[in-house]
Each structure stands twice: as structure tokens, then as C-alpha cells.
Amino acid sequence: MPSTRKPVIGVISCTRTVEGEDAYIVKTRYVDALAKHADAVPLICPAITTRDDADAMLARLDAILLTGSNSNIEPHHYGAASGRAPYDPGRDTMSALLIKAAVAAGKPVFGICRGLQEINVALGGTLVDQRDGAEPPELPHHAPDDASLEQMFGHSHPIDVVADTPLAAITDEPTLTINSVHFQTIGALGAGLVVNARAKDGVVEAVSSVEGPTKILAVQWHPEWQPETRFHDLAFWQALGEITRDATAR
Ligand SMILES: N[C@@H](CCC(=O)NCCCC(=O)O)C(=O)O
């Protein structure tokens with residue numbers, strides 16, 4: 001019987017400089033979407049540095065959400081010789097620990113943009129950067145550098161949803177038009193992940209876990225950006241709440 005209490009979902013934070021000091025921050029749109037559309041209680045998680053702390057944190061959470069962020073994962077985490085700043089090493093450490101702890105505890109792991117990339121890397125996958133190609137990308141996945149915030153999240157393209165995947169069941173549409181705010185994309189797929197959607201250039205746009213106790217669902221786009229305007233984004237958030245309730249009822 002699924003639990004009737006609201007699930008508590010941990011939201012990973014980023015380290016930024018605020019008023020001249022280090023601060024743990026989360027953009028409100030991620031937290032608000034969990035509360036408004038997943039019917040969950042969001043709990044912002046500071047950067048932890050040990051597996052014991054990650055296990056203790058997970059013991060008090062029903063699931064975790066790895067948000068988007070402008071920073072890139074440091075390349076040594078996925079065996080690359082070089083990468084592009086900005087970085088957030090504290091977040092890299094925390095996301096790897098939280099993902100491993102959640103998988104060990106059989107608790108759901110959800111990812112958005114950088115969060116999808118962190119899940120892929122934590123499971124042994126790699127990333128590639130569209131800016132490293134010899135030619136400009138056939139399909140740019142990020143607006144030009146001088147774009148405003150609205151223009152950045154207005155940059156969009158279609159994706160093809162893979163049939164018989166969790167995303168197909170959630171959205172019930174073979175193609176979606178999604179916003180796109182990233183330069184990095186999945187290279188090698190992490191262990192246990194299944195592709196749920198691809199862009200027309202083959203870029204992986206959504207993944208889920210192969211059947212098993214730990215439910216993973218991650219998307220490369222931003223369903224937290226004005227989700228009221230797109231059915232598939234509202235459906236994404238409703239699914240997060242349902243997946244987490246089901247997991248707590250097991
Ligand atoms: N840096 C990575 C991940 C991109 C990402 O998460 N973008 C979101 C930025 C807006 C926000 O903070 O939500 C890449 O470039 O691929």
C-alpha cells in the first residue's frame with residue numbers, strides 16, 4: 001500500500017560565493033517544483049564529504065534529487081584528460097557519495113541536467129563536451145553565450161522517447177519538445193542505465209535504471225522551468241512523487 005505521508009526528498013546543493021563567503025545554494029525552482037508538483041517535502045542537503053555522512057543523510061530521506069547547475073563535473077571523475085571550468089568539487093564529491101548511498105539503500109535517485117551527468121559518471125559512464133568537436137555541433141544544446149535567462153531556457157529542440165521505457169509511460173508521447181541548457185552530454189552510458197530518450201543528433205536526453213530495487217530517473221532538460229506550461233514536465237514531477245511513495249511503501 002503506497003504511503004500516505006508526503007515523501008521527503010533531499011535536494012543537492014551547490015557551493016557558491018554569496019556576500020563574500022562560501023554558501024550552499026539551490027535555485028528555488030527545483031525546490032518549488034518538488035513541493036508543488038511532486039507533493040513532496042523538499043530538504044536541501046549541504047555538501048557532505050564522507051560515506052558515513054551520506055548514509056546518515058539517506059537514512060532520513062526517501063529519495064534524492066540532483067539538480068542542474070552551471071558548473072561542470074571535474075574530468076578526472078570520468079577519466080578525461082581535461083575539462084572546462086567552472087567546477088564545484090564539493091558537489092562532485094557529494095553527488096557521488098549520495099548516489100552510491102541511495103543505490104545501496106534502494107532509495108530513488110532523480111537527476112536533472114548536471115544531475116543526469118552525475119548519475120552517469122557515478123555509475124562508470126563518461127561525458128563529452130559539444131564545444132570540443134572539430135566542427136560546430138549540428139544541433140546546439142545550449143543557447144548562445146549572450147542569451148538572457150529567458151532566452152537560455154527558451155532554447156529548445158525535439159526528442160524521441162524510447163518506447164516501453166519509464167519516460168514513455170510517464171509522458172505517453174513519442175516525441176517531446178524540451179528546453180536545452182547544457183554543453184556536456186553522455187558519452188559512454190553508466191552501468192545499469194537504459195536510454196529513455198534521444199535528440200535527433202543521438203544525444204541521450206533521459207535515462208532510467210534497469211529493473212531493480214533502486215529506481216533511477218534522470219533527464220537532460222529542465223522540467224522545473226515553468227512546468228505548468230508543459231504536460232510532460234508536470235507528469236515528470238508527479239512521477240517523482242509516485243515513484244518515491246511506492247519505494248517508501250516497499
Ligand atoms: N554544466 C553542465 C550541466 C548544465 C546544467 O545543469 N545546466 C543548468 C544551468 C541552469 C541551472 O542552474 O539550472 C553542462 O554544461 O552540460
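We count ligands from 1, going down the list as the structure has it; atoms in each ligand are counted the same way.
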Assess whether a salt bridge exists between [X] and [Y], defined as any Lys/Arg side-chain N lying under 4.0 Å from an Asp/Glu carboxylate O.
{"X": "Arg91", "Y": "Glu118", "answer": "yes"}
{"X": "Asp92", "Y": "Arg114", "answer": "yes"}
{"X": "Asp39", "Y": "Lys6", "answer": "yes"}

Could you work out, with salt bridge (charged side-chain N to carboxylate O under 4.0 Å, His left out) as the rule, every residue matching Asp132, not counting sequence neighbours? Arg84
List, ordered by chain and residue number, the protein residues whose closest non-hydrogen atom lies under 4.0 Å from any atom of ligand 1. Lys27, Arg29, Tyr30, Gly68, Ser69, Asn70, Ser71, Asn72, Cys113, Arg114, Gln117, Phe153, Val181, His182, Phe183, Gln184, His222
Does atom CG of Asp172 have more than 12 heavy-atom neighbours, drawn from other residues, nucleotides or ligands, at distances under 6.0 Å? no
Fit a plane to each ring of His232 and Trp221, take the angle between them on a 0 to 90° scale, and name the class: parallel (under 30°), tilted (30 to 60°) or perpendicular (over 60°). perpendicular
